[in-house]
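Notes follow once the structure below has been shown.
Keep in mind it's a predicted model, so treat the numbers as computed, not measured.
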Amino acid sequence: MARPMTPDEMLDFLDEKPRDGYLVFTSIGPRGYPHTVPLSYFRVGTDLVMGARAGTQKLRNVERDPRVSISLEDGNSLETLRGLLIEGDARVVAAGAEVLELAREGARSRGAPESELPTEPRPGTAYIRVTPRRWISWDYSKSE
């Protein structure tokens, strides 16, 4: 049986960027059905941030209904399976100083040196910033 991860283990798991740095992001589509897409991400505190192009369906979904879920799992056997399911409130960041701040933080998370951080965001760039409200975790490598 899997045991839950501690809060620190959950943050470490996110920072490891399992599954090549992609999570599964689910918002609520215009007809009330889940809209699920893989997205790359980075972490700012306990918030998760995903880049997107302005005007995409996922952004319209978040603007209409901020309730989202995020899942991330890693492992290739039951003995190595670990994962997270996060329910949270999302908001779109598409204008203002926060867009540049997130562009710079995203570049840092990819290892860009300070001298190469963006001085302005790319045109059409937007971000989805998710504040987690509920964390569910499992780690079969810690089975009892």
Side-chain angles (χ1 to χ4, degrees), residues 1-29 33-122 124-144:
M1 179 157 173
R3 289 190 358 201
M5 295 182 212
T6 67
D8 285 341
E9 288 171 333
M10 289 187 278
L11 295 177
D12 289 345
F13 179 70
L14 286 168
D15 292 344
E16 289 172 18
K17 301 260 184 173
R19 296 284 183 220
D20 296 323
Y22 286 88
L23 50 73
V24 178
F25 176 83
T26 301
S27 56
I28 300 170
Y33 287 94
H35 177 86
T36 302
V37 294
L39 293 173
S40 61
Y41 70 95
F42 59 95
R43 189 169 65 82
V44 177
T46 58
D47 285 2
L48 296 175
V49 180
M50 286 93 17
R53 300 294 300 163
T56 58
Q57 185 64 56
K58 58 189 156 287
L59 294 181
R60 291 193 303 271
N61 292 346
V62 166
E63 288 170 338
R64 186 183 57 261
D65 188 334
R67 295 173 301 162
V68 301
S69 67
I70 292 171
S71 63
L72 184 64
E73 191 171 67
D74 193 39
N76 54 17
S77 69
L78 185 59
E79 295 79 25
T80 61
L81 192 62
R82 302 179 300 154
L84 291 174
L85 174 63
I86 298 169
E87 296 172 345
D89 298 320
R91 65 184 174 89
V92 173
V93 180
E98 191 177 3
V99 174
L100 177 57
E101 176 188 323
L102 292 176
R104 292 173 64 84
E105 192 59 39
R108 274 188 202 98
S109 76
R110 292 187 303 276
E114 290 293 313
S115 63
E116 294 178 21
L117 296 180
T119 57
E120 60 186 58
R122 282 182 277 181
T125 296
Y127 294 93
I128 299 170
R129 186 169 184 155
V130 176
T131 300
R133 299 296 177 211
R134 182 176 180 218
W135 298 69
I136 302 165
S137 68
W138 53 95
D139 186 346
Y140 283 89
S141 71
K142 293 170 52 175
S143 295
E144 295 179 12

Discussion item. Tell me every residue that passes salt bridge (charged side-chain N to carboxylate O under 4.0 Å, His left out) with Glu16, counting only those two or more places apart in sequence or in another chain.
Written reply: Arg82

Discussion item. Tell me the closest heavy-atom pair linking Ala94 and Val99, and the distance in Å.
Written reply: C-CG2, 3.3 Å

Item to complete: Quick one: list whatever passes side-chain hydrogen bond (donor to acceptor under 3.5 Å, both in side chains) with Trp135, sequence neighbours left out.
Response: none

Fill in: Within-4.5 Å side-chain heavy-atom neighbours: Tyr127 and Val92
no

Worksheet, complete the sentence: Heavy-atom nearest pair, Ala2 first then Trp138, reads CB-CB, 4.0 Å

Worksheet, complete the sentence: Rounded to the nearest 0.5 angstrom, the OG-CG distance for Ser137 and Leu72 is 12.0 Å

Discussion item. For a 4.5 angstrom cut-off between non-hydrogen side-chain atoms, does Ile70 reach Leu48?
Written reply: yes

Worksheet item: Which pairs pass side chain to side chain donor-acceptor pair (under 3.5 Å) with one or both residues in residues 111-120, sequence neighbours excluded?
Response: Arg108-Glu114

Discussion item. Rounded to the nearest 0.5 Å, what separates atom CG in Asp65 from atom NE2 in His35?
Written reply: 13.5 Å

Worksheet item: Would you call Arg43 and Val49 a side-chain contact if the rule is heavy atoms closer than 4.5 Å?
Response: no

Worksheet item: How far apart are the closest heavy atoms of Tyr41 and Leu14, and which atoms are they?
Response: OH-O, 2.6 Å

Discussion item. Per the salt bridge (Lys or Arg N to Asp or Glu O under 4.0 Å) rule, what does the pair list look like for residues 50-64, sequence neighbours excluded?
Written reply: none

Worksheet item: Where is the tightest heavy-atom contact between Ala126 and Leu59, given as atom of each residue plus distance?
Response: CB-CD1, 3.7 Å

Item to complete: Determine yes or no for a side-chain-to-main-chain donor-acceptor pair under 3.5 angstrom, with Thr80 supplying the side chain and Asn76 the backbone.
Response: yes

Item to complete: Kindly write out the residues that satisfy side chain to side chain contact (heavy atoms under 4.5 Å, CB included) with Arg91, not counting sequence neighbours, or none if the list is empty.
Response: Val93, Glu98, Arg129

Worksheet entry | side chain to side chain contact (heavy atoms under 4.5 Å, CB included) between Glu79 and Tyr140, intermediate numbers included | CA-CA 5 Å; Glu79 295 79 25; Tyr140 283 89; over 6 Å; no

Discussion item. What's the separation between atom CG in Leu102 and atom CD in Glu105, rounded to the nearest 0.5 Å?
Written reply: 8.0 Å

Discussion item. Test of understanding: with side-chain hydrogen bond (donor to acceptor under 3.5 Å, both in side chains), list the residues that count as partners of Asp89, not counting sequence neighbours.
Written reply: Arg133

Fill in: Asp139 versus Ser141, side-chain donor and acceptor atoms under 3.5 Å
yes

Can I get a per-line list of side-chain donor-acceptor pairs under 3.5 Å for residues 22-29, giving both atom names and the distance, sequence neighbours left out?
unit_1	atom_1	unit_2	atom_2	d
Thr26	OG1	Thr36	OG1	2.9
Ser27	OG	Asn61	ND2	3.0

Worksheet item: Can you name the side chain to side chain contact (heavy atoms under 4.5 Å, CB included) partners of Arg134, sequence neighbours left out?
Response: Glu87, Ile136

Fill in: Lys17 charged N/C atom sitting above Phe42 aromatic ring, 6.0 Å / 45°
no

Worksheet, complete the sentence: Of all heavy-atom pairs linking Leu85 and Ser71, the shortest is CD1-CB, 4.2 Å

Worksheet entry | Set of side-chain hydrogen bond (donor to acceptor under 3.5 Å, both in side chains) partners for Thr131, sequence neighbours left out | Asp47

Response to the item:
Contacts of Ala107 meeting side chain to side chain contact (heavy atoms under 4.5 Å, CB included) (sequence neighbours excluded), chain-then-number -> Arg110, Ala112, Leu117, Pro118

